[in-house]
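Worksheet for the structure shown next.
In this chain, numbering begins with 1 at the start of the sequence shown.
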Amino acid sequence: MTQGAFDLAAAAHQEMTEHGFEPEFPAEAERQLASIQPRLAEGLRDLTSLLWSSIDNDESRDLDQIEWAERVAGGIRVLVGIADVDSLVARSTPIDAHAARETTTVYAGVRNFPMLPERLSTDLTSLSEGQDRDAIVIEMLVGADGAIASSSIYQALVRNRAQLTYSAVGPWLEGTLEETLEGTPGGTGAPPPKVAASAGLAAQLKLQDEAAHALREARHRLGALTFDRAEVQPVMANGQVRDIEARRANRASRLIEDFMIGANEVMARTLRDAGVSSIRRVVKAPERWARIVELAERYHDKLPPEPDAAALDGFLMRRKQADAAHYADVSLAVLKLMGPGEYVASRPGDTGQGHFGLAAHDYTHSTAPNRRFADLVTQRLLKALEAKAPQPYTDDELDDIARNCTLKEDAARKVQRDMTKRIAAVALQHRVGQAFDAVVTGVTPKGVFVRIVDPPVEGRLMHGEQGVDVGDRLHVTLLGADPQRGFIDFGR
C-alpha cells in the first residue's frame with residue numbers, strides 16, 4: 001500500500017516487528033498448514049437445519065460467531081455458535097506455537113496480520129456462509145427481565161445460512177424499531193437483500209434484537225457502562241488513502257456484542273462451577289476514579305468518592321441525553337481514565353477482580369478463537385471438561401499464557417495506534433493550518449495528547465499544553481502531519 005513515496009504496508013510490517021510480533025508464519029507452520037485436511041467430527045448434534053446467521057464488518061472473512069433464537073416458555077432461547085478452531089489446530093503444533101506467541105490478530109488499517117494462517121481463519125475454521133462446520137454452541141434462556149435463566153454448552157454441527165453486515169442490518173433494525181415505537185413508517189434503513197428475501201430471517205433478526213436488548217438492559221441495571229466507541233478506518237480510492245472516517249456502533253453491532261458478552265459470562269461461570277482453572281478477562285476498578293469524579297463535577301454532576309459502576313453509567317447516560325453531539329468526547333475520556341483490561345489466570349476458589357465496565361463478576365474471552373489465543377485456550381478447557389479428560393494446561397501455564405496475552409494485546413494497541421496516526425497523517429497533510437475541536441486523551445511524561453472530533457484522529461499537543469488534563473475540551477490547530485514518523489502535531 002503506497003502513498004506517494006511512503007509505503008504504508010511496509011510501515012505496518014515494521015511496526016509489527018518493532019513491537020515484538022512475527023508477521024510471517026514460520027516454515028514449519030506453513031508445512032503443517034499444507035497437510036491439514038478439512039474434516040467434521042462424528043457424532044455431533046446436527047443443528048444445520050436452523051436458520052443461523054452472522055453479522056460482522058463488511059470486509060470480515062474470519063467469522064467466529066453465528067446466532068439463532070426462538071421464543072419459548074420462559075423467554076427467548078438464544079444459541080451462539082463459536083468456530084471450533086481446536087478441531088483443526090492441535091495444541092503444541094507449529095501453528096499453535098505461533099498463535100501462542102502472537103496471541104492476537106492485528107488489524108493495522110491497510111493490512112491485517114492474522115494469528116492463524118488465512119486458509120484456516122478465513123476458510124476452514126471460519127463459519128462461512130453455506131459451509132458445514134464444527135462449533136461450540138453456547139445456549140442461553142433469556143428471561144423477560146434480561147436475566148439468563150438457564151444455560152448449557154455443547155458441541156454441534158452448524159451451517160451459517162446468511163453472512164450479514166453491521167452496515168446493512170443496523171440501519172434496517174433501527175428503522176424497524178422506530179416503526180414499532182411510533183406506529184408509523186420510520187427509519188431510512190431498507191432490509192438487506194438476504195433479509196428482504198426471507199421472512200424467516202427477518203423474524204429471526206428481530207427476535208435476536210429483542211433478546212439482545214433485554215440482556216443489555218439487565219446489564220445496565222447492574223451498572224454496566226455505556227460508551228460511544230468509534231473505530232477509525234481509511235477511505236481508499238485507487239489504492240490511495242484519501243480520507244479517514246469513524247465506524248460507529250449501531251443496533252446490529254450492539255446485538256452481536258450483547259450475545260458475545262452473555263456467551264462469555266456463561267462460559268466463565270461454567271468453568272468456575274466445574275472447578276476448572278481458566279483465563280479470565282478483567283477490568284479493575286479505575287485507579288483514576290478521582291479524576292472521573294472531577295470530570296463529572298465539570299458537568300455539574302456528582303459521583304461517589306469510591307468507584308461505582310452504576311453511578312458512573314448514570315452520569316454517562318445523563319451526558320448522552322444532555323449533549324449527544326459531544327457525548328463521544330466524555331465517553332472517550334472515561335475510557336482512557338479507566339485503563340485497559342487484562343487477562344488473568346483464575347483457579348478454583350479464587351475471588352478475584354471482575355469486569356468493572358460490564359458489571360460482571362465472571363467473564364472470559366471465548367467467542368473469537370480465530371483471532372485471539374485466549375479464546376482458543378478457553379475452548380480447549382471447555383472441551384476437556386465435556387470429555388471428562390485431564391485439563392490441557394497447568395495453572396502455571398495459564399499464568400504464562402494470560403501474561404503474554406495481556407502484553408501482546410498492549411503491543412497490538414500500539415501498532416494500531418501508530419498505524420492510525422500514519423494513515424491519518426497521510427489523510428491530513430493537506431489540512432495543515434486548519435482548526436479543530438478536540439478532547440485531551442492523555443497526559444504522560446512524553447507529552448499531552450488530544451483527539452480531534454472530526455475526523456477522529458489523535459495527536460500530540462505541542463503548544464499550550466500547560467494545565468490541561470484528560471477530558472478537557474480544547475480548540476486546536478493542526479501544525480504538521482508526518483507519515484514517516486507517524487507524528488500529528490497540534491497547538492493552541
### Summary
So the ring pair (Phe, Tyr, Trp, His ring centres under 6.0 Å) pairs with at least one residue in residues 81-103 (sequence neighbours excluded) are F25-H98
Could you state the interatomic distance from [atom1] ([X]) to [atom2] ([Y]), rounded to the nearest 0.5 Å?
X	Y	atom1	atom2	answer
E409	Y343	CD	OH	4.5 Å
E59	T165	CD	OG1	10.0 Å
M419	L8	CE	CG	5.0 Å
E70	L51	CD	CG	12.5 Å

### Task
Would you verify whether the NZ or CZ of R280 falls within 45 degrees of the ring axis of Y363 while also being under 6.0 Å from that six-membered ring's centre?
no
### Query
What do you reckon, is CZ of R61 surrounded by more than 12 foreign heavy atoms closer than 6.0 Å?
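Result for CZ/R61: open.
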Is any NZ, NE, NH1 or NH2 atom of the basic residue among [X] and [Y] found under 4.0 Å from an Asp or Glu carboxylate oxygen of the other?
X	Y	answer
R403	D400	yes
D395	R347	yes
D86	R380	yes
E129	K194	yes
D410	K414	yes
E458	R417	no
D258	R219	yes
E342	K284	yes

### Task
Might you work through the salt bridge (charged side-chain N to carboxylate O under 4.0 Å, His left out) test for E397 and R91, ending with a clear yes or no?
CA-CA 13 Å; E397 286 173 330; R91 192 191 168 198; 3.2 Å; yes
Is there a donor-acceptor contact under 3.5 Å linking the side chains of [X] and [Y]?
X	Y	result
S128	S126	yes
Q65	E67	yes
N370	D62	no
Q32	E28	no

### Message
Working note: I136 + Q155, criterion side chain to side chain contact (heavy atoms under 4.5 Å, CB included); need CA distance, chi angles, decisive distance, verdict.
### Response
CA-CA 5 Å; I136 306 297; Q155 298 178 63; 3.7 Å; yes
### Task
Could you check K383 against D84 for salt bridge (charged side-chain N to carboxylate O under 4.0 Å, His left out), going step by step and ending with a plain yes or no?
CA-CA 10 Å; K383 291 176 72 175; D84 186 352; 3.1 Å; yes
### Task
List for me each residue that meets side-chain contact (heavy atoms from CB on, under 4.5 Å) alongside S54, sequence neighbours excluded, and say none if there are none.
L63, I66, N160, Q163
### Query
Checking side chain to side chain donor-acceptor pair (under 3.5 Å) against R371, which of D64, T103, T104 comes through?
D64
#### Entry: With sequence neighbours excluded, residues passing side-chain hydrogen bond (donor to acceptor under 3.5 Å, both in side chains) with R221
none
### Message
side chain to side chain contact (heavy atoms under 4.5 Å, CB included) for V85 and L120? Distances and angles first, verdict last.
### Response
CA-CA 8 Å; V85 175; L120 286 171; over 6 Å; no
### Query
Does any non-hydrogen side-chain atom of V344 lie less than 4.5 Å from one of R281?
no
